[in-house]
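Take a look at the structure set out below.
If you're wondering where the values come from, they're calculated on a predicted model, not measured in any experiment.
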Amino acid sequence: MTAPRRGGHWMRSAVTRLLIGLFATALLCLYYFGRPIDTHALLAQSGDRKGKEKENGFPSGELIVHATQSPESVAQVPTPAPRWEEATESTAPPLPMMTTTTTSLVRVDQTCPSTKLDRSRGDPMLGKGKSSGRPTIWCWMLIKPDVQELSLLRLHLCLNTSLFRCDEHTLFSNVSVRSLMGALPGASLMQEVVLQQSLETVYGGPWKTSLNTDLFIAIWRDIFRRRLHLRQEWSVKLDADTVFIPDRLTPILSHIGPPAKRNAELYMNSCSWCVVKLIGPIEIFSRAALKQLDESMNRCEKEVDYHDVSEDVFLERCFALLKIPPVNADKQDKLLLPTWRVRNHEVKHCSKGWAAIHPFKDPKLLLRCFELSFGVPS
């Protein structure tokens with residue numbers, strides 16, 4: 001009989017031990033890394049972290065100010081929370097959770113740019129709307145607390161332009177833009193709604209634009225709850241990079257017809273020759289149209305497909321569903337001059353009498369466009 005080969009037996013034993021070790025390692029990895037996350041434990045850890053942050057003087061979600069900065073000149077994106085707040089009211093409905101933003105600080109220049117455009121220039125709109133019989137407007141704008149939009153808002157405030165020339169206005173943001181603009185003329189008169197919510201959205205869809213419909217639906221619901229849409233005959237939603245002159249809009253609204261006609265359920269096509277005729281730079285709605293939108297928002301959310309479009313397309317489709325008709329500006333009226341895929345429009349168009357021109361993301365070009373609109377020489 002041949003003696004067994006001890007070397008082969010040892011080799012088989014080593015391989016067996018190796019396989020057993022690998023299997024045990026895999027089980028450990030599966031246990032530690034593949035098991036479900038204990039969300040309660042994570043929340044508890046988060047609470048401990050916040051407690052330590054407060055001990056160190058830097059509480060989470062609160063303003064962090066460097067020694068060289070003042071609270072009035074610093075913006076912070078707050079930690080997202082499922083609630084809205086206003087400076088004088090904190091009972092608004094929650095916003096849907098969007099992409100979380102991280103804490104960031106933004107300085108706001110507390111001086112106005114040099115210009116020959118007088119911010120105290122005469123304005124027939126202020127305080128004379130109802131007595132003169134012209135249409136009255138409430139304007140609102142959503143401001144992200146980033147360098148670009150805060151710089152544009154600062155310029156609008158310094159020049160007393162855009163929504164600040166409407167009969168009434170409201171700014172929406174997730175920081176107090178009024179406190180950030182505190183040293184600038186007119187800042188104390190700013191009307192704002194402050195929300196504790198991320199404003200970040202994803203980009204996509206056929207036009208590669210911000211898919212922000214859920215965010216704006218929540219804002220519209222808040223507007224309806226506060227009844228802001230009932231304060232004036234027309235509501236105007238604006239973008240910060242739009243050059244807008246309210247004095248030129250009210251005659252366009254008057255051309256719709258007598259009050260009985262223009263007070264019906266209708267909205268204006270921002271751009272009658274565009275593929276999408278209601279577009280974000282300026283959106284104009286009658287009080288009656290927004291009353292119907294308030295009553296029918298749930299229906300539009302359920303029946304309108306908006307998964308890959310922005311808020312303006314959603315509203316256009318919603319109004320079509322509700323059979324609320326659009327109206328076009330008269331041919332001689334110049335409502336909006338838009339362009340696409342550029343950061344700034346050409347300033348040569350600013351002296352041609354348009355009520356709104358979009359876009360101007362460069363504050364210097366925005367300033368120059370307003371100057372040209374009012375005939376101020378360079």
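Under the 4.0 Å criterion applied to side-chain N and carboxylate O atoms, K291 and D294 are not assigned as salt-bridge partners. In summary, D118 and K116 do not engage in a salt bridge, as defined by a charged side-chain N under 4.0 Å from a carboxylate O.
Pairs passing the ring-ring contact (aromatic ring centres under 6.0 Å, His included) check and including a residue from residues 329-359, sequence neighbours excluded, read H345-H349. The stretch residues 241-263 participates, sequence neighbours left out, in no ring-ring contact (aromatic ring centres under 6.0 Å, His included) pair at all. The list of salt bridge (charged side-chain N to carboxylate O under 4.0 Å, His left out) pairs with a residue in residues 317-344, not counting sequence neighbours, is empty.
Inter-residue side-chain proximity for L335 and I284 is flagged as met; some heavy-atom pair is nearer than 4.5 Å. Within the 4.5 Å cutoff, the side chain of E168 has no heavy atoms near those of the Q191 side chain.
For the ring pair (Phe, Tyr, Trp, His ring centres under 6.0 Å) test, residues two or more places apart in sequence or in another chain that qualify with F319 are Y267, F285. Partners of F224 according to the ring pair (Phe, Tyr, Trp, His ring centres under 6.0 Å) rule, which considers only residues two or more places apart in sequence or in another chain, are W220, H229. A search for salt bridge (charged side-chain N to carboxylate O under 4.0 Å, His left out) contacts involving R287 returns nothing, not counting sequence neighbours.
Ring planes of W140 and F216: tilted class, angle from 30 to 60°.
Open room surrounds NZ on K364; 12 or fewer heavy atoms of other groups in view lie less than 6.0 Å from it.
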*Evaluate side-chain contact (heavy atoms from CB on, under 4.5 Å) for V309 paired with L211, printing each intermediate quantity in order.*
CA-CA 6 Å; V309 297; L211 304 182; 5.6 Å; no

